[in-house]
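Read through the structure below, which is laid out as structure tokens, and then see the notes.
Note on naming: letters A, B, ... go to the chains in the order of the sequence lines (proteins, then strands), and numbering restarts at 1 for each one.
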Amino acid sequence: MNEIPATPSRKPRKKAEPKPIFPSAKTVQFEEAVSEPQPSPSKSARTYGRQTRATRSSPQKNTQLKTPSITPPPVPPQHSPSRKAAKVNLAEHLTALKSAILHNLQHPSVNAPEDTEDFTTNDTAIESLSNLLQGTVDRGEGNSCLLLGPRGSGKTQAIESCIAKLSEAPIVVRLSGWVQTNDRLAMQEISRQLSAQVSPTLLPEDVRGTASNDLEEDDENPFLDNPTQAIELSVPTAHMHTLIACIPTLGRPTIVILDAFDLFTDHPRQSLLYSLLDTVQSARTAGGHKGLAVVGVSTRMDSIVLMEKRVKSRFSGRMIRTSASKETVRCKNILKALLTPSIIEAGVDEEFIQNWNAGVDDFLADVKTTRILAEVCSITGDIRTLSRLLISPVLNISPASPWLTVDQLELSVETQRIRPEFPYLHTLTYPSLCLLLAFYQAEHDGYDSLTFEMLYDYVRTAIRVTHTAPVQVNGGSIGMVRCSRPVLWAASAFEQLISAQIFIPTAASSINIGKNFLKYRCSVNREDVKKSVDNNGHSSLKQFLKRAGG
Amino acid sequence: MNSSLNQVVSLLEFSPPPFIFLNDPIAPKFTLQNLLPALKSNTRLVHVDSISCFGPRLLYDTILNGLAQHTPSWDDGCKNWSQDIANDSFDSFLHALKALHTSLSENGSKHLRLIVVIEKPERLRERMPDVIVPLTRLAELTKLDICVIFVSEARWQDIRPPLGAAMDPYYVDIPVPTKEVIIQHLMTVFASCSTTSSDVATASNTPHPYDPILIQAYRYFVQVLVDVCFLYTNDPHEIQYITAARWPGFIKPVLDGYRMNVNEGEEDTELEPPATEVLLRLTRHFKPSLSLALEQLYPRLTNAVDWARVNESTAVALAKDGLVFGEAEMEDIEEEEPVDDIFQSSPTRPRASKRIQDQKAALNPPSSDMRETLPLSTSLPRLSQFILIAAYIASMNPVKSDLRMFGRGPDGKKRRRRANRRQMANAKPRSGPAKIPQRFLGPSPFPLERLIAILGALVEENDPIAGELNQLEDEVPADGLDFRIPGERTDYEVTRVGVYASIAQLTSLRLLVRTTATDKLDGLSAMFKCGSGAASSYETILGLAKGLDIQLPDLLWDNAAMS
């Protein structure tokens, strides 16, 4: 972060320049923003459905039209002879900038770079963890600990940074409870990773003995054609304890990381955990034995309770916690670091960067941004969620609108975090909406689960009722458009609703019950049905809704 | 390509998140069709269909082979890319992926991005739920630059494994295709058709419907068609299917006119784009068939080729609308009987029986079950038809109504159902929702004895042959039965072994379904119900009943809802 954020002192110089390479933003300082309370659009302005869609399809236009947010939309560059060149430059610069920011967003760092505060929870965690690992590496201790913390709070980052800082490179075995779903797979993976990091001659005598024994056995096995692979893979579970006990003899300290630790406790008899922790406990520094550290990583705070008694008694009981940052200020710092990458090497103008940084400052200082960030931070501290929210605003940067805008952030919050249950409900086709309305009516009549036959009857009645009156407007009947049964049934209307899980079968389908007699219930709220029909704007559907008791 | 897809593409070019979820409720195939070619440029991409990869091993192998751009060939024993066993567990798969990445980056490209696109991931949830979590964390587990994209109709929260174990995806919502998008898609299809079939056309020197000169006419046609179909479907592929069935027939009069002109010696005439007036006439002529095409092709009641053949316009109809171009002689046009029943083309031999003719007349298309009905009423023997009707009645009527429906007083008169109306009138003001008619709930099971009893009543009332026999034979048979007693003869007939055999046969055809275990002989009697599909559809049974002169609506307890 070697750029200097734009300061007010720079502004006059920028304004004095006749043809800026970058459309200069009207920089609004945070103090001003607070002092003059401009109304930010209320949440009700983003209504469900049609309007949202319109916003989505042309966000930039909308920013121009109805942005009451404090950051004003950027003024398009003045017409000038050098405009074209400037535009080309701008496009290039923006591409470089976008790619750098997106790269940053994919690898967010939990710790804000300019943390002036005293120790955060994560710093404490990193310190104690690195002390522990240092002990294993330097003094050959056997250590075990649990690293607990919510998702995205920097557990993995903490471990990786600790390992990177160690004086001697240890053997690192990484296991994940999601992949190694049983002890056999875990053992295979351990032996694979060990043999990848240790040359076979370094293996101690007894391990080599087992391996060669295995090899002899394998020679008799006609189904294994590759003996070297057989050594790795065919570790019998019975040998597991012996083999794990040999890990400290490997010649280099070893660190075993168990990701999703709680899942390892589900394995039968927890034999892998038992073996690992038993080895840790009985580690001796004498005889050239090296240290072994077992680090369990989990989001479950009660992980220690999940261990069996004999396993727990071998566990050191150390639990290190990480925590997500809950303060909006810290979030902002982190985001600022992410959004202002150093791209000087790419040959970008310094002025461009300064302008951009000023823009980011404005964006982060905006009242609405602050509110959104505070909302997100108060619910989740997951830094990945935060950075995901910024992806789409960053992607939308273009020479026409080279700024991050609050509206886009708001939109992105809606798509990424608080997703509406069925965002596309109002865009369903006419037959599907008919069926949905039939269900609506049936619910009004007191039925909560229906067969297709019944729905069809509702739809048919509704259509027939509209055709009884021979009223014509402009030469056309005002009745509902007819829907034949196959269009409603065999074609995707009904099946689409089922596959979208809007209609959920209440019983498993059986060969003895016809599909049209299976009972379904509707997972869509009555309110949502109403809104979607209103948004769809089909007049005869609105009539149907009215008759259906809406 | 819409803006969301453009965003995905540019995101994948810059620095993609490890896991993207594309939600397209309408046409995921169409989205994929647009997305994949745009990505092929500078990344290693594999497109996996979860329907064909129904097991973990297939999934792993397909991903690896696809990323390595290796096609297993028959000659080398269909070997996979990976020499080791890469498909026995997820670990092996991860190791193979790493090996693949190193081997690929050795071969040149220094920064290699791998992209795995998985279609229909909801299948993974049913088949291999363990795989989803590691798949979403693939980048983290392999520590490679790899991006997994799920493209699904379902929502992520319906696929997501429990406990929040999977990574949160970067959501992308694909908007519903608009009319313009669909029309544009159809135009590109036309362009590709005209390029591929141009060789054939030059060879035979006859114009084909996808001649580039007709593109304006095609655009007009497509606009009309999309206007008709858009209310019902907005899947571009479905509309494309309907277009393919109708367009050749639509433009055929124009092509015929051109061909006639050529035959008459005007060799130098060029095929000209049809005038607006001609197009309007064509549209007026073919517009009814467009909605017909939608109703029959969209639910796939028939296929496009058959439909196009059946719905080809006759010359007479065309001439009526002034659509015969070129100087065609009107006398040449033969008076052809239009084919009235589209399903008549089945190779059954024509049967002269009047009853069957009547049946066919009675069966004018009430619903889609047509295809199932026709073979049913013609192929089943008469007794089996009676059994099916009896089974339908037994399935749909409550048990307590049987006596009222079929019982006779000592005077031989049927007791009419008087209480019915009043009872139904009484039932309404009761609290709670009204009882759903059995017709909507599907058939309920009934014991075999009830079926036989109802069958007896049906035969007695409605089978003239049995009645005639009753009057003819007055002699007492040897085993002491007196057929002069009313109903005795029928009773004798319906308990024959043949009836049971017919029931067994219907069961094996699954027109009846046995709900009790077949191996139990004692205890409760066997329970049956109507099979799913044709046998439990009111229209089908009504057709059968009309053929046998049975007044089915009168025999159903709850016929208020019937129409």
Original post:
Non-hydrogen atoms of chain A under 4.5 Å away: do they reach the side chain of Pro169(B), the backbone, both or neither?
Top reply: backbone
Original post:
Looking at Ile101(A), Thr461(A), Ile391(A), Leu263(A), which makes the most heavy-atom pairs under 4.5 Å with chain B?
Top reply: Ile391(A)
Original post:
Tell me, side chain or backbone of Ser99(A) under 4.5 Å from chain B's heavy atoms, or both, or neither?
Top reply: both
Subject >> Interface residue of largest heavy-atom contact number with chain B, from Lys519(A), Arg384(A), Gln180(A), Arg151(A), under 4.5 Å >> reply: Arg151(A)
Original post:
Quick one: of Glu295(B), Arg155(B), Gln157(B), Gln7(B), who has the most non-hydrogen atom pairs under 4.5 Å with chain A?
Top reply: Arg155(B)
Original post:
With only heavy atoms counted, which part of Ser92(B) is less than 4.5 Å from chain A, the side chain, the backbone, both or neither?
Top reply: both
Original post:
What class does the angle between the rings of Phe90(B) and Tyr60(B) fall in, given that below 30° is parallel, 30 to 60° is tilted and above 60° is perpendicular?
Top reply: perpendicular
**OP:** Over 60° means perpendicular and under 30° means parallel, so classify the ring planes of Phe503(A) and Tyr520(A), tilted if in between.
**Re:** tilted
**OP:** Please determine if Asp227(B) and Lys179(B) form a salt bridge, counting it only when a charged side-chain N lies under 4.0 Å from a carboxylate O.
**Re:** yes
Original post:
Do Leu297(B) and Tyr241(B) come within less than 4.5 Å of each other through their side chains, counting heavy atoms only?
Top reply: yes
Original post:
Which of these passes side chain to side chain contact (heavy atoms under 4.5 Å, CB included) with Leu435(A): Leu428(A), Ile502(A), Leu497(A)?
Top reply: Leu497(A)
Original post:
Side chain, backbone, both or neither: which part of Leu395(A) has an atom under 4.5 Å from a heavy atom of chain B?
Top reply: side chain
**OP:** Considering only heavy atoms and a distance below 4.5 Å, find which of Leu231(B), Asp235(B), Val133(B) pairs most often with chain A.
**Re:** Leu231(B)
Subject >> Proximity of Phe452(A) and Phe494(A) rings by center, below 6.0 Å >> reply: yes
Subject >> Pairs of heavy atoms under 4.5 Å with chain A: top-ranked of Gly442(B), Pro443(B), Pro134(B) >> reply: Gly442(B)
**OP:** Against chain B, work out which of Tyr456(A), Tyr430(A), Phe517(A) has the most heavy-atom pairs shorter than 4.5 Å and name it.
**Re:** Phe517(A)
Subject >> Contacting region of Lys143(B) [heavy-atom separation from chain A under 4.5 Å] >> reply: side chain
**OP:** Look at the aromatic rings of Trp156(B) and Phe19(B) and report parallel, tilted or perpendicular, splitting at 30° and 60°.
**Re:** perpendicular
Subject >> Glu140(B) versus chain A, the contacting section by heavy-atom distance below 4.5 Å >> reply: side chain
**OP:** Please flag which part of Thr156(A) lies under 4.5 Å from any non-hydrogen atom of chain B: side chain, backbone, both or neither.
**Re:** neither
Subject >> Most chain A-contacting option - heavy-atom pairs closer than 4.5 Å, from Leu441(B), Val513(B), Asn234(B) >> reply: Leu441(B)
Original post:
Nearest 0.5 Å, what's the OG-OH distance between Ser412(A) and Tyr170(B)?
Top reply: 6.5 Å
**OP:** Kindly indicate whether the side chain of Leu11(B), heavy atoms from C-beta on, has any atom under 4.5 Å from the side chain of Pro17(B).
**Re:** yes
